[in-house]
Amino acid sequence: MSDHYGDVKVQLGQMKSLGEDAEKEEVDPEEEMPVSSPSASPDPAGCCITTAPGTDALSTNICKQKGKRSRKNPCGKPLQGFPAHAVKNINSPICEQTLLIKGTGKILQGKSAESNGNYVAVHESSDTQETRCEDEFKLPRKRRPVTVDTSKAKTSLEALKLSIKELQWKEFHTGRRAACDIYWHGVSFHDNENIVSGQVNKFPGMVEMLRKINLSRAVRTMQELFPEEYDFYPRSWILPEEYQQFSTEIRMVKESDATESPTFIVKPDGGSQGDGIYLIRDPGDLKLVVGAQAKQAVVQEYIHKPLLIDKLKFDIRLYVLIKSVQPLEIYIAKEGLTRFCTEPYQEPSQKNLSRVFMHLTNYSLNVQSGNYVHSDSQNTGSKRTLSSVLYRLAAKGVDIKRVWSDIIALVIKSVIAVLPDLKVHYQADIPPAKPGPTCFQILGFDILLMKNLKPVLLEVNSNPSMRIEHEQEVAPGVFEYVPSPVDEQVKVGVIRDTLRLMDPFNKKLTATPHPAGGGSDPVEVIPADGDSQGRSPDNAGNLPPLCLKQVYPKYTKQFSHLRLVERIAALFIRFLGVKGNMRLGPTAFRTFIRTCKLSNSNLTMASVDILYIDITRRWSFALADSREAGMGLQAFVEAFFNLAGRRFKSLALREQVVSLLDLCESHLGPQSGAEDRRSLSCSRALPRGGRTPALYLPRPRPISPAAHRRATSQDCRPHQRPKPRTLRANVEN
């Protein structure tokens, strides 16, 4: 008996020195040791088990990994005198030990630090508790695949399927009752109204903001503040409201110089794929009325000296990812498409204005030409890669770095122009303090290079075509879709790498709110926990480098001064009051004036009311399709400019606006975190792991069971997002 307890004390002393306070864990049945294959020779590390006869103290060592528990010793030979399943190894330097003392039912635990050649056996008993292996070199834990709902993907489905397959993610092409990680929509954010989590590839309001009239208005506002920075957008007039202004200016030009006869291009507001576009040289040629209804359109100066290749006019389709609006993150695809006309270019004249294959670069138009060339090569045909064109220009001595730098600046400035309206749309579509998805979106920028290599923005498409096939006539009157290698090379890479950037298991952002909606953006932080670093987010080792280049916040210093209108939008959102509203009422406008202390002897409250009525009435006529009453953001910006001019008469417009913004923000003070998250956050979902601060409220009075059931049923109803205004959805461009 004394020998028995002597052996026990020896074992116990060894284990106490190695950490007797190790925690006992329950064994996961899915994390069992795989069955070891028999080996002819013993492992030099001591995997062959021997027993010490007569030992009464029983020790067990259990290592768990995925697979089945080994019922044999690692050398493949059962121990003599004991069943194979009763033998456990205690020598592993990384495994917990359990010591069972016979006749006492006590279990002692410890961790072995090194192999010491001591092996004992244990008979299975109900008192024996298994413990999990603690491996200081944890194997990467295989994560579940990212789930993507592609039920609304429409024409981008084929490219999306290839991208998901490359990433080894899981696709749900008919939707899924449970929430998915990513939802891919074909047209707009509202393709699916029942999303309350995950990520959606469309921003609410983006379709509306990138319509030709709204884009022109947004850029025009920036041109008033920064005329030299926004000279990349052709001069534009909005029809029919600015028809008289357009006619007057053209008449004055012709009267001053009889030889001058400028050309203009007319683009329908909701047009796509080149539909309805035509060239004019006289205001009388405008087609303002269709049926009994006035047709809204934008008329722009025509760029009559474009850069030519092979005597053909061409434009650039560049894909841009808006990863987030708060903080603002912009990525530009390193590869794009160039789309060529199918007739040699001539400067516009009255004779050739109707020759669309010469003047318009739209693929959907030129593909109907008999001269259109479908090519498998990236540097020939009517559609080529951007890199092949840049390489050809570089061979002629063109400074490609300068051209690319100018294109990046054009993209960033264009996004900054539409961002204020986008934030207003977002807070209206996703109610504050409610769970909701985060958003990202791929945009299609159409850019024309002038003969002097200056890039000009033609338009921005909220729904660029992601088709990777084209129609081909295989027999007379018989057409079928065949793969387009150039499209596949560019578009699959853009979609795949967009998904990689939006991988929910990849990098996390630590976002800090902007003061008043402007300023520098927060820095991306990669979590340092072992679990995130130890596992591979995707099969990145088998994928090419990202084809998307981050340009913002990378170039924040060069462009942050342009974000003035965002600060105005932050004031506008702050005084909206009603959740989901996009218009400022007269009372809210007066509250803004009083809170910012803008009224004085020169600006009475009566003058404020007259200013509100005058501007709101003018914009209500400009926005004939709007059914909402009140002052929208663009009208508020005009009113703000008016107030700044009255307050700081001696300054230029930009300095007036900055001075009034500083004044308003000093009276308002910084927004609280909750207000900022409610107003400006891209996501309405609360941060993971965040806790709501406890509120000490008076104890509520008890209510009846029936009332309690009614309240509970109302709280548990799924939130229904308000329906957006009915607008004709953009067809992909």
Side-chain angles (χ1 to χ4, degrees), residues 148 150 152-167 169 171 173 182-188 200-202 206 210 272-273 314-323 330-340 361-364 366-367 372-390 407 411 440-447 459-472 481-503 538 543-549 730-733:
V148 185
T150 62
K152 305 291 184 180
K154 297 190 175 180
T155 56
S156 61
L157 184 59
E158 292 304 317
L160 185 59
K161 283 178 177 290
L162 291 176
S163 301
I164 294 173
K165 185 177 180 180
E166 283 189 50
L167 296 173
W169 290 3
E171 175 196 0
H173 63 277
I182 295 176
Y183 295 85
W184 197 275
H185 290 180
V187 178
S188 74
V200 182
N201 73 314
K202 302 290 182 184
M206 189 69 84
L210 295 184
S272 61
Q273 299 180 341
F314 69 96
D315 75 349
I316 298 170
R317 165 59 61 88
L318 194 63
Y319 296 97
V320 175
L321 169 65
I322 310 297
K323 187 173 183 283
I330 308 173
Y331 289 77
I332 294 181
K334 299 175 185 177
E335 184 65 284
L337 297 171
T338 52
R339 305 172 303 179
F340 284 76
T361 55
N362 303 74
Y363 164 79
S364 55
N366 282 279
V367 74
Y372 192 90
V373 178
H374 291 286
S375 175
D376 292 342
S377 172
Q378 63 177 359
N379 53 12
T380 60
S382 298
K383 185 185 289 187
R384 312 174 193 177
T385 60
L386 174 60
S387 59
S388 68
V389 170
L390 294 180
I407 290 175
V411 168
F440 64 97
Q441 189 156 349
I442 299 172
L443 305 177
F445 277 68
D446 291 346
I447 299 170
E459 62 178 307
V460 184
N461 298 289
S462 62
N463 186 28
S465 172
M466 285 297 176
R467 282 190 181 274
I468 56 174
E469 65 278 337
H470 61 83
E471 278 189 346
Q472 180 172 312
Y481 282 105
V482 296
S484 172
V486 175
D487 284 301
E488 183 172 333
Q489 176 187 345
V490 175
K491 296 175 182 178
V492 172
V494 170
I495 293 179
R496 179 197 63 227
D497 291 347
T498 294
L499 293 174
R500 289 168 69 183
L501 286 170
M502 302 310 301
D503 183 351
D538 52 31
L543 295 173
L546 285 173
C547 71
L548 296 170
K549 169 187 173 65
N730 274 9
V731 182
E732 65 177 19
N733 292 291

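Side chains of Lys323 and Ile330 form no contact here, defined as non-hydrogen atoms less than 4.5 Å apart. Using a 4.5 Å heavy-atom cutoff, the side chains of Leu546 and Leu501 are in contact. Looking at Arg317 and Asn461, their side chains come closer than 4.5 Å, going by heavy atoms from C-beta outward. In this structure the side chain of Val460 never reaches within 4.5 angstrom of the side chain of Asp446, judged on heavy atoms. Side-chain contact check for Arg384 versus Val486: every heavy-atom pair is 4.5 Å or farther apart. Counting heavy atoms from C-beta outward, Phe440 and Ile322 have side chains that stay 4.5 Å or more apart. In this structure the side chain of Asp503 never reaches within 4.5 angstrom of the side chain of Ile182, judged on heavy atoms.
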> Given Lys152 and Trp184, is the side-chain contact (heavy atoms from CB on, under 4.5 Å) satisfied, shown in steps?
Replying inline: CA-CA 6 Å; Lys152 305 291 184 180; Trp184 197 275; over 6 Å; no
>> Under the criterion side-chain contact (heavy atoms from CB on, under 4.5 Å), I'd like the reasoning laid out for Met466 against Thr155: C-alpha separation, chi angles, the key distance, then a yes or no.
In response: CA-CA 7 Å; Met466 285 297 176; Thr155 56; 5.9 Å; no
>> Let's go through Tyr363 and Asp315 carefully: what are the C-alpha distance in whole Å and the side-chain angles of both, what is the deciding distance for side-chain contact (heavy atoms from CB on, under 4.5 Å) to 0.1 Å, and is it a yes or a no?
In response: CA-CA 10 Å; Tyr363 164 79; Asp315 75 349; over 6 Å; no
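With Ser388 contributing its side chain and Gln378 its backbone, the two residues share a donor-acceptor pair below 3.5 Å. Put simply, the side chain of Glu335 gets close to the backbone of Leu386: a donor and an acceptor are under 3.5 Å apart.
Among all heavy-atom pairs drawn from Leu443 and Pro464, the shortest one is C-CG, 3.9 Å. Scanning all heavy atoms of the two residues, the minimum distance from Val494 to Ile442 falls at CG1-CD1, 3.9 Å. Nearest heavy-atom pair across Ser375 and Thr380 is OG-OG1, 2.8 Å. The shortest heavy-atom contact between Val490 and Tyr319 is CG1-CE1, 3.9 Å.
Every side chain to side chain contact (heavy atoms under 4.5 Å, CB included) that Lys334 has, sequence neighbours left out, goes to Lys549. Scored by the salt bridge (Lys or Arg N to Asp or Glu O under 4.0 Å) test, Lys202 finds no partners at all (sequence neighbours excluded). Under the side chain to side chain donor-acceptor pair (under 3.5 Å) criterion, Asp487 pairs with Lys383, Ser484, Lys491, sequence neighbours left out. Residues forming a side chain to side chain contact (heavy atoms under 4.5 Å, CB included) with Asn366 (at least two apart in sequence, or on another chain): Cys341, Thr342, Phe357, Tyr372. For the side chain to side chain donor-acceptor pair (under 3.5 Å) test, residues two or more places apart in sequence or in another chain that qualify with Glu171 are Thr150, Lys161. With sequence neighbours excluded, the residues satisfying ring pair (Phe, Tyr, Trp, His ring centres under 6.0 Å) with His470 are His374. In this structure Ser163 satisfies the side chain to side chain contact (heavy atoms under 4.5 Å, CB included) test together with Val492, Ile495, Arg496, Leu499, sequence neighbours excluded. Shown here are the side chain to side chain donor-acceptor pair (under 3.5 Å) partners of Glu469, two or more places apart in sequence or in another chain: Arg467. Under the side chain to side chain donor-acceptor pair (under 3.5 Å) criterion, Gln441 pairs with no residue at all, not counting sequence neighbours.
Electrostatic pairing of Arg500 and Asp497 counts as a salt bridge here, judged by a charged N lying under 4.0 Å from a carboxylate O.
With values rounded to the nearest 0.5 angstrom, Phe445 atom CZ is found 8.0 Å from Leu318 atom CG. Of the inter-residue distances, the one linking Ile332 atom CD1 with Cys547 atom SG reads 12.0 Å to the nearest 0.5 angstrom. Here the CD atom belonging to Glu488 is positioned 5.5 Å from the CG atom belonging to Leu162, to the nearest 0.5 angstrom.
One side chain, Asn379 or Ser377, offers a donor N or O that lies under 3.5 Å from an acceptor on the other.
Judged by a 6.0 Å distance limit and a 45° cone about the ring axis, Arg339 is not positioned over the six-membered ring of Phe314.
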